[in-house]
Amino acid sequence: MRRPVIAGNWKMFKTQAEARAFVIALKPLVANSSHCDIVIGAPFTALAAAVDAARGSAIGIAAQNMHWEKEGAFTGEISAKMIVEAGCSHVIIGHSERRQFFGETDVTVNKKVKAALDAELVPIVCVGELLAERESGRTEMVLETQFIGGMAGLTAQQFSRIIIAYEPVWAIGTGRTATPEMAAEAHRFLRQVAAAKFSPERAAALRILYGGSVKPDNIKGLMAQVEIDGALVGGASLDANSFASIVNF
Ligand code: PEP
């Protein structure tokens with residue numbers, strides 16, 4: 001039985017004060033939500049405030065990106081150690097917005113995954129196809145390439161600590177959700193790729209989240225699919241009531 005994960009991704013939203021107020025509002029709404037892991041991806045500047053506000057709850061805090069080096073002359077970058085020191089448990093790696101706008105590649109995703117694991121962070125690794133790729137029948141090829149590239153060189157033991165988020169790019173922030181069946185089909189395919197690369201047992205234990213316009217009114221249908229182990233939620237994670245309804249699907 002895979003334990004569900006509901007993770008929020010605030011992107012470039014929320015100051016420290018707003019992050020604190022959100023977490024304080026969320027805590028009582030999810031106090032009895034022991035059926036899943038709850039994670040919030042906050043901006044770097046709000047990580048410590050979110051961690052502080054989440055104390056005494058089961059809410060984990062994630063960074064939305066990191067650099068793979070331990071330290072160095074990398075202006076504007078943040079290391080895994082800094083994220084751990086801020087109190088984070090998770091880090092989102094390879095989000096499509098980073099791939100699209102900031103030059104993230106499967107090679108950099110792979111370096112970041114390894115550095116995150118070395119620092120004891122749980123990586124939430126995002127993969128997903130563009131609309132043109134889906135429409136030209138290349139979805140599986142894209143997912144396989146991103147998965148194999150991102151997981152290159154990991155031991156089975158390291159792989160067991162990874163969470164994958166399947167996020168079709170055409171569904172992110174567009175209000176256009178993949179149907180539960182479409183998402184489940186992609187998850188099934190990713191699990192097959194994981195079984196071939198690692199083992200059927202590791203693949204069966206892998207948690208695969210769906211992301212792309214998840215809202216309180218579509219989470220139930222998505223979670224009804226046995227292949228879907230949770231959600232990575234952007235827009236609908238910005239409001240505590242809306243995020244809590246998704247957590248309490
Ligand atoms: C995301 O940011 O990962 C995401 C899925 O966004 P949204 O839920 O707004 O589509």
Side-chain angles (χ1 to χ4, degrees), residues 4-14 18-19 22 26 36-44 46-47 50 59-66 88 90-102 104 106 109 112-113 116 121-131 133-134 139 142-143 146-147 150 162-180 182-184 186-187 190 207-223 225 227-249:
V5 184
I6 303 292
N9 174 18
W10 285 349
K11 313 192 185 196
M12 199 171 72
F13 291 97
K14 296 201 189 291
E18 289 165 346
F22 175 102
L26 180 68
C36 68
D37 291 349
I38 306 168
V39 182
I40 293 168
F44 288 135
L47 290 175
I59 302 167
I61 305 297
Q64 301 170 14
N65 181 35
M66 55 171 272
C88 293
H90 294 66
V91 58
I92 299 170
I93 296 177
H95 190 279
S96 64
E97 285 152 15
R98 299 228 50 96
R99 292 178 190 258
Q100 244 181 307
F101 306 127
F102 303 103
E104 188 86 274
D106 295 335
V109 166
K112 291 177 184 190
V113 164
L121 287 165
V122 176
I124 302 176
V125 184
C126 305
V127 297
E129 80 286 359
L130 303 170
L131 184 58
E133 291 166 338
R134 173 162 284 268
T139 298
V142 170
L143 295 182
Q146 291 181 348
F147 180 91
I162 300 274
I163 296 173
I164 296 285
Y166 167 60
E167 299 209 306
V169 180
W170 47 271
I172 297 178
T174 57
R176 216 181 136 180
T177 327
T179 63
M182 276 160 85
H187 287 211
L190 282 163
R207 292 185 291 177
I208 308 179
L209 317 185
Y210 167 75
S213 299
V214 173
K215 308 278 178 233
D217 61 4
N218 60 22
I219 184 68
K220 220 179 157 95
L222 289 160
M223 293 306 291
Q225 295 284 335
E227 272 298 337
I228 300 181
D229 305 313
L232 181 55
V233 186
S237 73
L238 291 170
D239 174 82
N241 286 302
S242 148
F243 187 61
S245 329
I246 295 173
V247 168
N248 296 321
F249 59 88

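Read the numbers this way: they start at 1 and go in the same order the structure lists the ligands and their atoms. Quantities reported herein were computed from a predicted structural model and do not represent experimental measurements.
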Looking only at distances, can you tell me whether any N or O atom of [X], backbone or side chain, sits closer than 3.5 Å to an N or O atom of ligand 1?
X: Asn9; value: yes
X: Lys215; value: no
X: Ile172; value: no

Checking a contact table here: which protein heavy atom is nearest [atom], and how many Å away?
atom: atom 9 (O) of ligand 1; value: Gly235 N, 2.8 Å
atom: atom 8 (O) of ligand 1; value: Gly234 N, 2.8 Å
atom: atom 2 (O) of ligand 1; value: Lys11 CE, 2.6 Å

Subset of ligand 1 atoms that lie under 4.0 Å from at least one heavy atom of [X]:
X: Gly211; result: 5 (C)
X: Gly173; result: 7 (P), 9 (O), 10 (O)
X: Ser213; result: 7 (P), 8 (O), 10 (O)
X: Gly212; result: 5 (C), 10 (O)

Taking atom [atom1] of [X] and atom [atom2] of [Y], what is their separation to the nearest 0.5 Å?
X: Leu131; Y: Arg176; atom1: CG; atom2: CZ; value: 5.5 Å
X: Glu167; Y: Ser96; atom1: CD; atom2: OG; value: 6.0 Å
X: Ser242; Y: Leu26; atom1: OG; atom2: CG; value: 10.5 Å
X: Lys11; Y: Ile92; atom1: NZ; atom2: CD1; value: 9.5 Å
X: Asn218; Y: Tyr210; atom1: CG; atom2: OH; value: 7.5 Å
X: Ile172; Y: Ser213; atom1: CD1; atom2: OG; value: 8.5 Å

Check for me whether [X] has a heavy atom closer than 4.0 Å to any atom of ligand 1.
X: Ala171; answer: yes
X: His95; answer: yes
X: Ala236; answer: no

* Glu97 and ligand 1 - part of the residue with a heavy-atom distance under 4.0 Å -> neither
* Any idea how Phe243 and Phe22 line up, ring-wise: parallel (<30°), tilted (30 to 60°), or perpendicular (>60°)? ->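 Plane angle between 30° and 60°, so tilted.
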* Side-chain donor-acceptor pair under 3.5 Å between Trp170 and Glu129, yes or no? -> yes
* From CA spacing to verdict: side chain to side chain contact (heavy atoms under 4.5 Å, CB included), Glu97, Asn65 -> CA-CA 11 Å; Glu97 285 152 15; Asn65 181 35; over 6 Å; no
